[in-house]
Amino acid sequence: MSQVKECMLVTIEYRLKTTTRDGETTELPTQTCSFVYGVDTQYPSVESALMNKQPGDRVQVYVPPEEIYGTYDESLVRELPRSDYKEERLKEGKMYRERRQKCLVQFMVRNIRDEVIVVDFNDIKAGTYAEIEILVKDVRESSKADLKSGCAIG
């Protein structure tokens with residue numbers, strides 16, 4: 001029986017559940033995909049969990065925030081002068097976007113005060129982690145055609 005290792009075509013059935021920093025969970029229905037192990041991009045924790053597995057094996061994988069959207073960094077929450085930004089675009093709980101000197105300035109407006117705005121430069125999904133239940137369906141040598149397509153979980 002074949003084992004998962006570099007350049008093998010792996011077919012899995014998986015169920016993905018994500019949880020945000022605020023505790024909101026989303027579950028996707030069970031899906032099936034095939035990918036060439038070590039060639040097609042997968043989360044590092046998924047690759048580690050699948051190494052040496054065989055068809056019929058089941059694994060549960062925790063994917064930490066740093067592998068998805070990054071960890072939430074409190075130092076990216078800052079106070080900025082309110083007068084430096086377009087008033088009509090400042091809305092609490094909404095993304096602020098503006099082009100300045102050919103660069104996109106983007107942040108979440110957390111709070112609007114008299115002279116300052118409290119903004120958050122974290123990705124809005126920072127701190128999200130995933131739990132993936134995986135069933136290894138098939139493992140075989142990959143062909144040249146297999147190397148041209150694949151799937152990435154997430």
Side-chain angles (χ1 to χ4, degrees), residues 4-54 56-137 139 149-154:
V4 175
K5 58 185 175 188
E6 294 291 318
C7 297
M8 297 292 279
L9 182 71
V10 180
T11 301
I12 61 171
E13 184 177 276
Y14 68 96
R15 191 169 71 208
L16 175 70
K17 175 180 156 185
T18 59
T19 305
T20 66
R21 188 174 74 86
D22 299 327
E24 184 180 314
T25 61
T26 303
E27 286 191 55
L28 297 178
T30 300
Q31 298 179 43
T32 300
C33 77
S34 297
F35 60 92
V36 179
Y37 185 88
V39 175
D40 294 319
T41 303
Q42 300 296 325
Y43 296 125
S45 53
V46 170
E47 283 196 348
S48 294
L50 288 175
M51 182 62 138
N52 297 320
K53 296 297 185 256
Q54 300 175 3
D57 286 349
R58 292 182 181 274
V59 292
Q60 291 197 347
V61 183
Y62 171 80
V63 183
E66 49 273 11
E67 289 184 30
I68 307 174
Y69 301 103
T71 56
Y72 188 83
D73 184 350
E74 287 291 340
S75 72
L76 295 177
V77 177
R78 301 201 178 118
E79 289 186 356
L80 301 175
R82 184 174 176 174
S83 60
D84 288 354
Y85 300 91
K86 295 180 180 177
E87 192 65 34
E88 67 275 7
R89 294 186 185 178
L90 293 174
K91 296 193 179 10
E92 286 186 12
K94 299 289 183 183
M95 291 299 290
Y96 180 95
R97 291 181 181 89
E98 178 185 350
R99 281 220 176 270
R100 289 186 173 192
Q101 300 172 353
K102 298 182 182 180
C103 291
L104 177 65
V105 174
Q106 175 176 288
F107 51 78
M108 174 64 70
V109 178
R110 293 285 180 213
N111 193 287
I112 301 173
R113 299 188 188 144
D114 291 335
E115 302 295 320
V116 298
I117 52 175
V118 178
V119 304
D120 188 342
F121 287 99
N122 283 287
D123 184 296
I124 60 172
K125 294 182 180 181
T128 298
Y129 65 89
E131 297 168 287
I132 307 172
E133 294 177 20
I134 300 172
L135 169 62
V136 179
K137 301 289 278 181
V139 179
S149 64
C151 69
I153 297 177

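- Among residues two or more places apart in sequence or in another chain, the side chain to side chain contact (heavy atoms under 4.5 Å, CB included) test is passed with R99 by L104.
- Between Y129 and P65, some side-chain heavy-atom pair lies under the 4.5 Å cut-off.
- Looking only at side-chain heavy atoms (C-beta outward), T41 and F35 stay at 4.5 Å or farther from each other.
- The side-chain hydrogen bond (donor to acceptor under 3.5 Å, both in side chains) test applied to T71 returns no partner, not counting sequence neighbours.
- Contact between K53 and V59 at its shortest, heavy atoms only, is CE-CG1, 3.2 Å.
- The CG atom of L76 sits 9.0 Å away from the CD atom of E74 when rounded to the nearest 0.5 Å.
- Scanning all heavy atoms of the two residues, the minimum distance from C7 to V39 falls at SG-CG2, 4.1 Å.
- Shortest non-hydrogen contact noted between E6 and G38 is OE1-CA, 3.5 Å.
- Closest heavy-atom contact between G56 and L135: O-CD1, 3.7 Å.
- Atom CD of residue E133 and atom CD of residue E13 lie 10.5 Å apart, to the nearest 0.5 angstrom.
- We find the CD1-CD distance between I117 and E87 to be 9.0 Å, quoted to the nearest 0.5 Å.
- With a 4.5 Å cut-off on side-chain heavy atoms, Q42 and Y37 do not count as touching.
- Closest approach of T128 to K125, counting heavy atoms only: OG1-O, 2.7 Å.
- Applying the side chain to side chain donor-acceptor pair (under 3.5 Å) test to pairs two or more places apart or on separate chains, those with a residue in residues 113-122 are Y72-D120, E79-R113, R110-D120, D120-N122.
- Every ring-ring contact (aromatic ring centres under 6.0 Å, His included) that F107 has, sequence neighbours left out, goes to Y85, Y96, F121.
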Name the atoms and distances for all side-chain donor-acceptor pairs under 3.5 Å in residues 88-95, with sequence neighbours left out.
unit_1 : atom_1 : unit_2 : atom_2 : d
R89    : NH1    : R97    : O      : 2.8
K91    : NZ     : E88    : O      : 3.0
E92    : OE2    : I112   : N      : 3.0

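- R58 CZ: 12 or fewer foreign heavy atoms inside a 6.0 Å radius.
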Give the table of side-chain donor-acceptor pairs shorter than 3.5 Å for residues 16-30, with sequence neighbours excluded, one pair per line with atom names and distance.
unit_1 : atom_1 : unit_2 : atom_2 : d
T20    : OG1    : D22    : N      : 3.3
T20    : OG1    : G23    : N      : 3.4
T20    : OG1    : E24    : N      : 3.1

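- Here N52 contributes atom CG and D57 contributes atom CG; the two are 10.0 Å apart, rounded to the nearest 0.5 Å.
- For the atom pair L50 CG and Y14 OH, the distance stands at 12.0 Å (nearest 0.5 Å).
- Residue I134 holds its CD1 atom at 9.5 Å from CD of Q60, rounded to the nearest 0.5 Å.
- Taking all atoms of both residues into account, the shortest heavy-atom contact from I12 to K137 is C-CG, 4.0 Å.
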